[in-house]
Amino acid sequence: MITLTHDVLKKYIDNNKNLAFYRKRFCYGDMRDIFLNPHNQKVISLYGLRRTGKTVLMQQLMQEINDYDRMCFIQCQYSDDMMDLRSAIEDNDSCDYIFIDEATKLDNFINTASVLSDIYATAGKHIIMAGTDSLGFEIASKDELFDRSHLIHTTYISFREYNYLLGKSLDDYIMYGGTLTPDGTFYNKEICDAYTNSAIAENIQHSLEHVGRGGKFGPLLSFYADDELTTFLNKIIELHNRTFLAKTVNRRFKSHDIGSLKDLVAKKSDNQRLIIEKLKSPELQQQIMDVLKIKEPLVQTADARAVEAAKKWLETLDVIYRLPGTASQETGQDEEVIFTQPGLRYCQVTAAMDLLKNSSVLSDLPYEVRNELCQQLDADVKGQLLEDIIFYQLAKEPGFSEKFSISKFDDGSGEFDIAVMNKKDGNSCVIEVKHSDRAVEAQTRYLNDDDFCAKYEAQMKSQIVCKMAIYMGDSLPENLYGVSYVNAEEFLTSPLECLTKVYERGKRCFTLEESWQRKLPSFPIA
């Protein structure tokens, strides 16, 4: 156990030259206010995946307090236990501000964590903790630390915060977003796999190992006993991302939409008719699905309860968000899952696309055709990821759930990417999301389909008063094709304000149009 205080701690903080260049995360203000509240008798747990700024948050707080004689920074190691931590705190009894890093390395942390609040926080110590296996904080907060801890989550980094902290664009966020490592965590599959293994799978396994006697594995116990739990968790993550790509392929081929491939084939290929027929054939689509399947027996033969347990822990760790109402027992459709770190999904999906591009399934197609097909799928993937990013940021936006409810609407014949219902008046705004900087009428296909809109209104019992397209181009001052076009970065920078503004404008226009139609005189048909 390493303990720093007084001048040694001051030197440690002062020598961190990068600290001055780090902007503070959005949760910093809440963390500071809770920590410095003289009436607070709870500990603070910084809860999140690696590389999301937990240690930096503590260091920034130390720097702001700037009273190193009253501060103690403790770094735990795997050889330590709670008695060692208590000794370190009591040996520095004059310190009122206690910062504990790698707390989850204590071998009995989850089962003894309440000591920190019951003995030290109630005696006036201000305590904040962080740890690599941060799932342990969530488990402890429901047991040992129940009602004794403030959990501050760091895993989710919205685009607005990502842009503020790193100055990166929305495309950067789509491809690499999710951590605060300047050189990126998701730039290639090797680094991404190492991250998912250590930051996610091992995080879950290590945390479950330290709950009570014998751990808390439930349906996952057999995988743990066979030393296959981290592999299984990683394969569940990969399965969801392969499924995501498979759905993207289905959308692309659903209406034989092979787009610019037709022109490319006409220019580059002599046997253009045969190539077009192959691209349109259901057999090719099925072969692509077969390539994308996870052939790992661990996943194929896993009990449904084990899969559900794995997804539950991934959800608890803020890795995934499970969209309610997207699963269907009738069709066998699995629920849709959003990954809160878009870079993780994009990296795994592009690796699967490379696998597809180099597979024998496409080998008899000209290279240019294979390349163009994968470029189209890449654009589709970015569009789907942008849709997920907007959906999840709205769901997490402070104050949003007080005013609106959010859902997707798909009846098999068409879909609204996002549907938002105003809780006060019951009216709706339907949204199309496009990763494109061009505004074209085809984008409003479902938004302006009267029959499809009527289906939504009948099923949801809600009047559509606002239609919006969120895309990569400039926000337009006036409606185009009867739709409000809004720039995606602008929307994600202030989603609630932007949505409210467009909704109120759409509602006024709808009310005026409805009023005007009611006043129209009726004429007999000649």
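Ring pair Tyr156/Tyr392 is perpendicular by interplanar angle, where above 60° counts as perpendicular and below 30° as parallel.
A side-chain donor-acceptor contact under 3.5 Å links Asp101 and Thr55. Judged by distance alone, the side chains of Tyr503 and Asp425 do bring a donor and an acceptor atom under 3.5 Å apart. A donor atom on one side chain and an acceptor atom on the other are found under 3.5 Å apart for Glu90 and Tyr120. Under the 3.5 Å distance criterion, with hydrogens and angles disregarded, no donor-acceptor pair is assigned to the side chains of Thr52 and Thr155. Side-chain N/O atoms of Thr230 and Glu202 include no donor and acceptor closer than 3.5 Å. Between the side chains of Asp193 and Thr196, no donor-acceptor pair of N or O atoms lies under 3.5 Å. Asp30 and His150 share no side-chain donor-acceptor pair at under 3.5 Å.
With sequence neighbours excluded, the residues satisfying salt bridge (charged side-chain N to carboxylate O under 4.0 Å, His left out) with Asp93 are Lys125. Scanning for salt bridge (charged side-chain N to carboxylate O under 4.0 Å, His left out) contacts around Arg51 gives an empty result, with sequence neighbours left out. For Glu489, the salt bridge (charged side-chain N to carboxylate O under 4.0 Å, His left out) criterion is met by no residue, not counting sequence neighbours. Partners of Tyr173 under the side-chain hydrogen bond (donor to acceptor under 3.5 Å, both in side chains) rule, at least two apart in sequence or in another chain, do not exist in this structure.
Proximity of Ile110 to Glu144: side-chain heavy atoms (C-beta onward) are nowhere separated by under 4.5 Å. No side-chain heavy atom of Glu457 sits under 4.5 Å from any side-chain heavy atom of Ser462. Residues Asp417 and Ile431 are not in side-chain contact: their nearest non-hydrogen atoms beyond the backbone lie 4.5 Å or more apart. Between Val433 and Ile389 there is no side-chain heavy-atom pair separated by less than 4.5 Å. With a 4.5 Å cut-off on side-chain heavy atoms, Ile464 and Phe416 count as touching. Two residues are said to be in side-chain contact when any heavy atoms from C-beta on lie closer than 4.5 Å; Ile98 and Ile74 meet this criterion. Within the 4.5 Å cutoff, side-chain heavy atoms of Leu46 are placed close to those of Met31. Between Leu4 and Cys72 the shortest side-chain heavy-atom distance does not fall below 4.5 Å.
Pairing each heavy atom of Ile157 with each of Thr154, the nearest pair is CG1-O, 4.1 Å. The heavy-atom pair separating Asp80 from Asp84 by the smallest distance is CA-OD2, 3.4 Å. Nearest approach of Pro398 to Leu496, heavy atoms of both residues: O-CD2, 3.8 Å. Closest non-hydrogen pair, Ser494 versus Arg160, comes out as CA-NH1, 4.2 Å. The two atoms that bring Leu298 and Phe232 nearest to each other are O-CE1, 3.6 Å, heavy atoms only.
A salt bridge does not link Lys11 to Asp7: none of the charged nitrogens lies less than 4.0 Å from a carboxylate oxygen. Contact check on Lys142 versus Glu138 returns a salt bridge, with a Lys/Arg side-chain nitrogen under 4.0 Å from an Asp/Glu carboxylate oxygen. With salt bridges taken as basic N to acidic carboxylate O contacts below 4.0 Å, one links Lys235 and Glu238. By the 4.0 Å N-to-carboxylate-O rule, Lys42 lies close enough to Asp147 to be salt-bridged with it. Between Asp388 and Arg345 a salt bridge is recorded (basic side-chain N to carboxylate O distance below 4.0 Å). A salt bridge links Lys311 to Glu335: at least one charged side-chain nitrogen sits closer than 4.0 Å to a carboxylate oxygen. Looking at Arg322 and Glu308, a side-chain N of the basic residue comes within less than 4.0 Å of a carboxylate O on the acidic one, giving a salt bridge. Between Glu387 and Lys408 a salt bridge is recorded (basic side-chain N to carboxylate O distance below 4.0 Å).
Around atom CG of Asn18, more than 12 heavy atoms belonging to other residues, nucleotides or ligands sit under 6.0 Å away. Counting non-hydrogen atoms of other residues, nucleotides and ligands closer than 6.0 Å to NZ of Lys461 gives a total of 12 or fewer.
Seen from the ring of Tyr78, Lys105 counts as a face-on cation partner, given the 6.0 Å and 45° thresholds.
Sorted by first then second residue, the ring-ring contact (aromatic ring centres under 6.0 Å, His included) pairs that include residues 28-70, not counting sequence neighbours, are Phe35-Tyr97, Phe35-Phe99, Phe35-His126, Tyr47-His153. For residues 189-209, the pairs satisfying ring-ring contact (aromatic ring centres under 6.0 Å, His included) are Phe186-Tyr195, with sequence neighbours left out.
A distance of 6.0 Å or more separates the ring centres of Phe339 and Tyr346. A distance below 6.0 Å separates the ring centres of Tyr164 and Phe26.
Summarising the geometry, atom CG belonging to Asn163 is positioned 10.0 Å from atom CG belonging to Leu492; distances are rounded to the nearest 0.5 Å. In this structure, CG on Leu208 lies 10.5 Å from NE2 on His210, to the nearest 0.5 angstrom. Taking CG of Asp69 as the start and CG of Asp67 as the end, the distance is 6.5 Å to the nearest 0.5 Å. Note that OH of Tyr12 and CG of Asn16 are 7.0 Å apart. Values are rounded to the nearest 0.5 Å. Here the straight-line distance linking atom CG of Asn197 with atom OG1 of Thr231 works out to 7.5 Å at 0.5 Å rounding. Atoms CZ and CG, from Arg25 and Leu180 in turn, are 5.5 Å apart once rounded to the nearest 0.5 Å.
Not one N or O on the side chain of Thr500 forms a donor-acceptor pair closer than 3.5 Å with the backbone of Glu497. Counting only distance, with no hydrogens or angles, the side chain of Glu102 and the backbone of Thr132 share a donor-acceptor pair below 3.5 Å. Under a 3.5 Å cut-off, the side chain of Tyr176 and the backbone N or O of Thr179 do not form any donor-acceptor pair. Counting only distance, with no hydrogens or angles, the side chain of Thr112 and the backbone of Asn108 share a donor-acceptor pair below 3.5 Å. A donor-acceptor pair under 3.5 Å is absent between the side-chain atoms of Asn40 and the main chain of Leu36, judged by distance alone.
Screening Ile320, Leu314, Val337, Ile294 for a side-chain contact (heavy atoms from CB on, under 4.5 Å) with Ile236, the sole residue that qualifies is Leu314. None of Gln60, Arg70, Met71 except one satisfies the side-chain contact (heavy atoms from CB on, under 4.5 Å) rule with Ile65; the exception is Met71.
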Give the intermediate values and the outcome of side-chain contact (heavy atoms from CB on, under 4.5 Å) for residues Cys498 and Val486. CA-CA 9 Å; Cys498 187; Val486 180; 3.6 Å; yes

Under the ring-ring contact (aromatic ring centres under 6.0 Å, His included) rule, what do Phe217 and Phe223 come out as? Steps first, then yes or no, please. CA-CA 9 Å; Phe217 294 99; Phe223 294 99; over 10 Å; no

Between Met1 and Asp81, is the side-chain contact (heavy atoms from CB on, under 4.5 Å) condition met? List the steps. CA-CA 9 Å; Met1 185 168 286; Asp81 60 20; over 6 Å; no

